[in-house]
> 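Shown below is the structure under consideration.
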Amino acid sequence: PSAPRPPRPRKEPQPLVIPRSAAEEQRLRLERLMRNPEKTVPIPEKLNEWAPRPPPEFVRDVMGSSAGAGSGEFHVYRHLRRREYQRQDFMDAMAEKQRLDEEFQKKLERNKMIAEEQTAKRRRKRQKLKEKKLQAKKNKLEQKKQEK
């Protein structure tokens, strides 16, 4: 009842190329992307940074150092201690990262100010030279008028 479809065009078999280096692998990927420029390129989203779970609001089973603790309590304590150390390390790392970011921003500002000062100094120098040339030109014209 329906009309027969025309046969699909066959794709040319691509030779199997095994990349020998990271640069070659990157080149092959680029070539594959550039074969069809209209096709959208999947760009992976930036992964969120890992953050530890916040400490519990209220701890129900507080362990003491008294006798009578079961053999499994040490492992629970060890796990809690490890998690707390991990949380503290994370907070220290975040504080260090923030400090480095602030230092970097200050350095950028300082470099920007130095560049602005240099630019202003050079601008003044150029302006002086320009004014000197204009003044010399005026003096020359005045001398010619006086000679005539």
Side-chain angles (χ1 to χ4, degrees), residues 1-138 140-141:
S2 64
R5 279 196 205 162
R8 286 175 50 190
R10 292 199 173 255
K11 288 184 179 178
E12 292 180 28
Q14 298 291 325
L16 178 66
V17 179
I18 299 170
R20 296 188 186 341
S21 67
E24 196 172 338
E25 184 177 348
Q26 193 74 9
R27 183 181 56 77
L28 289 171
R29 284 184 184 174
L30 278 173
E31 284 175 2
R32 196 176 91 223
L33 283 173
M34 294 310 288
R35 274 188 220 133
N36 187 2
E38 287 80 38
K39 188 177 176 182
T40 58
V41 178
I43 299 173
E45 301 237 349
K46 183 181 176 189
L47 294 174
N48 290 337
E49 233 176 70
W50 176 85
R53 289 195 317 218
E57 292 288 322
F58 183 77
V59 181
R60 294 200 191 303
D61 50 343
V62 178
M63 285 172 275
S65 59
S66 62
S71 62
E73 295 301 310
F74 171 72
H75 301 291
V76 173
Y77 163 75
R78 186 181 59 179
H79 181 65
L80 290 173
R81 185 184 63 180
R82 183 186 57 79
R83 202 161 46 192
E84 178 61 18
Y85 284 159
Q86 203 173 29
R87 189 181 71 84
Q88 288 175 355
D89 288 343
F90 174 77
M91 289 189 331
D92 291 343
M94 291 304 290
E96 180 68 15
K97 183 179 177 189
Q98 190 173 8
R99 184 186 65 80
L100 289 173
D101 283 346
E102 286 173 5
E103 280 181 17
F104 179 70
Q105 290 301 325
K106 286 179 185 175
K107 187 175 180 181
L108 280 181
E109 286 294 319
R110 191 168 51 246
N111 288 348
K112 196 174 182 181
M113 292 277 289
I114 290 170
E116 284 291 327
E117 288 170 6
Q118 288 283 11
T119 305
K121 186 177 177 183
R122 290 180 180 146
R123 187 182 303 124
R124 284 193 300 271
K125 193 173 181 180
R126 282 194 308 270
Q127 201 66 32
K128 263 188 185 178
L129 284 173
K130 209 175 195 182
E131 288 173 8
K132 257 187 177 177
K133 283 184 181 179
L134 282 174
Q135 192 63 37
K137 199 173 186 182
K138 283 181 184 177
K140 198 173 185 182
L141 285 173

> Minimum heavy-atom separation for Ile18 to Glu24, with atom names?
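Where Ile18 meets Glu24 most closely, the heavy atoms are O-OE2, 4.2 Å.
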> Could you check whether any side-chain heavy atom of Glu31 comes within less than 4.5 Å of a side-chain heavy atom of Arg27, counting everything from C-beta outward?
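Yes; the side chains approach each other to less than 4.5 Å.
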> Between the side chains of Glu84 and Arg87, is the shortest nitrogen-to-carboxylate-oxygen separation below 4.0 Å, so that they form an ion pair?
yes
> With a 4.5 Å limit on heavy-atom distance, are the side chains of Glu117 and Lys121 in contact?
no
> Show, in sequence, the C-alpha distance, side-chain angles and deciding distance for Lys128 and Lys132, and conclude whether the side chain to side chain contact (heavy atoms under 4.5 Å, CB included) test is met.
CA-CA 6 Å; Lys128 263 188 185 178; Lys132 257 187 177 177; over 6 Å; no
> Could you check whether atom CZ of Arg53 has more than 12 heavy atoms from other residues, nucleotides or ligands sitting under 6.0 Å from it?
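Atom CZ in Arg53 is not crowded, with 12 or fewer foreign heavy atoms closer than 6.0 Å.
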> Between Glu116 and Lys112, is there a salt bridge with N-O shorter than 4.0 Å?
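Salt bridge: no.
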> Walk me through whether Arg29 and Glu25 qualify under side chain to side chain contact (heavy atoms under 4.5 Å, CB included).
CA-CA 6 Å; Arg29 284 184 184 174; Glu25 184 177 348; 3.0 Å; yes
> Check Glu49 against Met94 and note the closest heavy-atom contact, atom names and distance.
OE1-SD, 3.6 Å
> Determine, step by step, whether Glu131 and Gln135 satisfy the side-chain hydrogen bond (donor to acceptor under 3.5 Å, both in side chains) criterion, reporting the C-alpha distance in whole Å, the side-chain angles of both residues, the deciding distance to 0.1 Å, and the verdict.
CA-CA 6 Å; Glu131 288 173 8; Gln135 192 63 37; over 6 Å; no
> Within a reach of under 6.0 Å around CZ of Arg32, are more than 12 heavy atoms found that belong to other residues, nucleotides or ligands?
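No, because the 6.0 Å sphere around CZ of Arg32 holds 12 heavy atoms or fewer from other groups.
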> Output the distance between atom CD1 (Ile114) and atom OG1 (Thr119), rounded to the nearest 0.5 Å.
11.5 Å
> To the closest 0.5 Å, what do you measure between CD (Glu109) and CZ (Phe104)?
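Going from the CD atom of Glu109 to the CZ atom of Phe104 covers 11.0 Å.
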> For atom CZ of Arg35, decide whether the heavy atoms of other residues, nucleotides or ligands shown that lie under 6.0 angstrom number more than 12.
yes
> Which atoms form the tightest heavy-atom contact between Phe90 and Pro52, and what is the distance?
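It is CD2-CD, 3.2 Å.
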> Could you tell me if the side chain of Lys133 sits less than 4.5 Å from the side chain of Lys137, heavy atoms only?
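No - every pair of side-chain heavy atoms lies 4.5 Å or more apart.
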> Out of curiosity, His75 NE2 to Arg82 CZ, how far, rounded to the nearest 0.5 Å?
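Reported to 0.5 Å precision, the distance equals 13.5 Å.
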> Could you check if a side-chain atom of Asn111 sits within less than 4.5 angstrom of a side-chain atom of Lys107, using non-hydrogen atoms only?
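Asn111 reaches Lys107 side chain to side chain.
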> Applying side chain to side chain contact (heavy atoms under 4.5 Å, CB included), run through Leu100 and Glu96 and close with a yes or a no.
CA-CA 6 Å; Leu100 289 173; Glu96 180 68 15; 4.0 Å; yes
> Any chance you could measure Lys130, atom NZ, to Gln127, atom CD, to the nearest 0.5 Å?
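Here the interatomic distance stands at 5.5 Å.
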